[in-house]
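What follows is a single structure, written as structure tokens, with notes after it.
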Amino acid sequence: MRLTLRTLAAVSVLAASTLCAAAPSMTEAELRQAMGLQGYQLRYEDAQGRPVSFDALMALLKTTGGLSIEKDADKKTAVIKQSSVDAKGKAGQIKPEVKVGQVLPAATGQTLEGQARTVPLEGAKPTLLSLYFARCPPCVAEVPELNALAQKYPDVNFLGVTFDDASTAKNFIDEHGLKIPVLVSAQPYLKQIGVSRFPSLILVDTAGRVSAAKTGGTLPGDAGGTGISDWFAQALKGLAPTARQ
């Protein structure tokens, strides 16, 4: 199937951390600009789904959570909701939406070059899925480390997955230098596996099972980098020996 549907976007806790820090001075117009929501009818909700005002939502973001943004590009509507951090999560991370041991469903998507690719990738190598979107600062911050990991670990498949259309994805790659293959317009698959927070990384073994998952990241320029290299090295150790082959 071709992975195309209307855009349903979501911003992870760390993608929204810039909004949290700027909450006292951020205006609704600035939020629209940052999230690409000009011309949209907006609805704001707290973490329990109760309607709140824009000012009330900004106040909530100063204390906990970030933003989960769902937008319907056809109807020009968006729901901006407070999303809570997992109580045991480390700063910059939230509980992954996929579970270790879960078998990911297979689907066929299209790369930016127009090639059909099966996700998760079939073959004798494990696969790291990088789930991201263009307007996500932590996603941008991960690009250099993802490129380095792809070069360092040729025995692992690396595949980006984004709900962005081909034009947006190409602009992202050209601007930030992402060097791994990318499936575009993949919102149906993201919805199928239940991922709505970004950036998310999923390490999948050769049987299609989730071996490790990570959600959330850091902002560009933060000290210490994104930490995905250390996470990935530990995740590889968790693969069963047969799944590494």
Side-chain angles (χ1 to χ4, degrees), residues 3 8-17 65-68 83-107 109 117-123 125-133 136-143 145-150 152-153 155-163 178 180-183 186-218 225-244:
L3 297 184
L8 175 63
V11 182
S12 74
V13 169
L14 260 288
S17 65
L67 293 180
S68 171
S83 57
S84 299
V85 181
D86 178 54
K88 296 182 180 180
K90 298 179 181 179
Q93 298 183 26
I94 55 179
K95 186 177 181 181
E97 295 170 293
V98 297
K99 297 180 180 179
V100 172
Q102 173 183 341
V103 177
L104 293 187
R117 298 290 289 269
T118 299
V119 54
L121 296 180
E122 298 173 346
K125 298 192 292 186
T127 299
L128 181 69
L129 299 177
S130 171
L131 315 180
Y132 76 96
F133 69 102
C136 165
C139 302
V140 174
E142 287 187 349
V143 168
E145 278 191 84
L146 280 175
N147 289 340
L149 289 172
K152 183 178 179 179
Y153 295 95
D155 55 342
V156 177
N157 293 311
F158 286 77
L159 183 66
V161 182
T162 180
F163 58 70
L178 183 63
I180 64 175
V182 174
L183 290 185
Q187 177 54 34
Y189 186 72
L190 294 172
K191 185 175 182 180
Q192 185 180 9
I193 65 175
V195 171
S196 62
R197 296 169 181 164
F198 306 92
S200 287
L201 297 172
I202 305 175
L203 181 62
V204 186
D205 67 17
T206 55
R209 290 186 299 264
V210 176
S211 178
K214 177 183 182 296
T215 297
T218 59
T226 65
I228 65 173
S229 295
D230 292 341
W231 171 85
F232 185 66
Q234 287 298 118
L236 282 180
K237 293 179 182 178
L239 282 173
T242 56
R244 296 195 196 106

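This chain uses plain numbering: 1 for the first residue, then up along the sequence.
In this structure, OG1 on T127 lies 7.5 Å from CG on L159, to the nearest 0.5 angstrom. From Y132, atom OH reaches atom OG1 of T162 across 5.0 Å, with rounding to the nearest 0.5 Å. In this structure, CD on E142 lies 5.5 Å from NZ on K214, to the nearest 0.5 angstrom. Taking CZ of F163 as the reference point, atom CG of L183 lies at 14.5 Å (rounded to 0.5 Å). A distance of 7.0 Å separates CD1 of I228 from OG of S130, quoted to the nearest 0.5 Å. With rounding to the nearest 0.5 Å, the separation of CG in L128 from CD1 in I180 is 7.0 Å.
Looking at heavy atoms from C-beta onward, N147 lies in side-chain contact with L178 at the 4.5 angstrom threshold. Looking at F198 and L190, their side chains come closer than 4.5 Å, going by heavy atoms from C-beta outward. In this structure, T215 and V195 have side chains that are not in contact, with every pair of non-hydrogen atoms separated by 4.5 Å or more. Between L104 and Y189 the shortest side-chain heavy-atom distance falls below 4.5 Å.
Between F232 and F158, the ring-plane angle classifies as tilted under the 30° and 60° cut-offs.
The backbone N or O of S229 sits less than 3.5 Å from a side-chain atom of E145, completing a donor-acceptor pair.
Scanning all heavy atoms of the two residues, the minimum distance from V161 to A186 falls at CG1-CB, 3.6 Å. Nearest heavy atoms, R209 versus V103: CG-CG2, 3.6 Å. The heavy-atom pair separating D155 from P126 by the smallest distance is O-CD, 3.6 Å. Across all their heavy atoms, A235 and S211 have their closest contact at O-OG, 4.1 Å.
Of the listed residues (V119, L201, L203), just one forms a side chain to side chain contact (heavy atoms under 4.5 Å, CB included) with L129, and that residue is V119.
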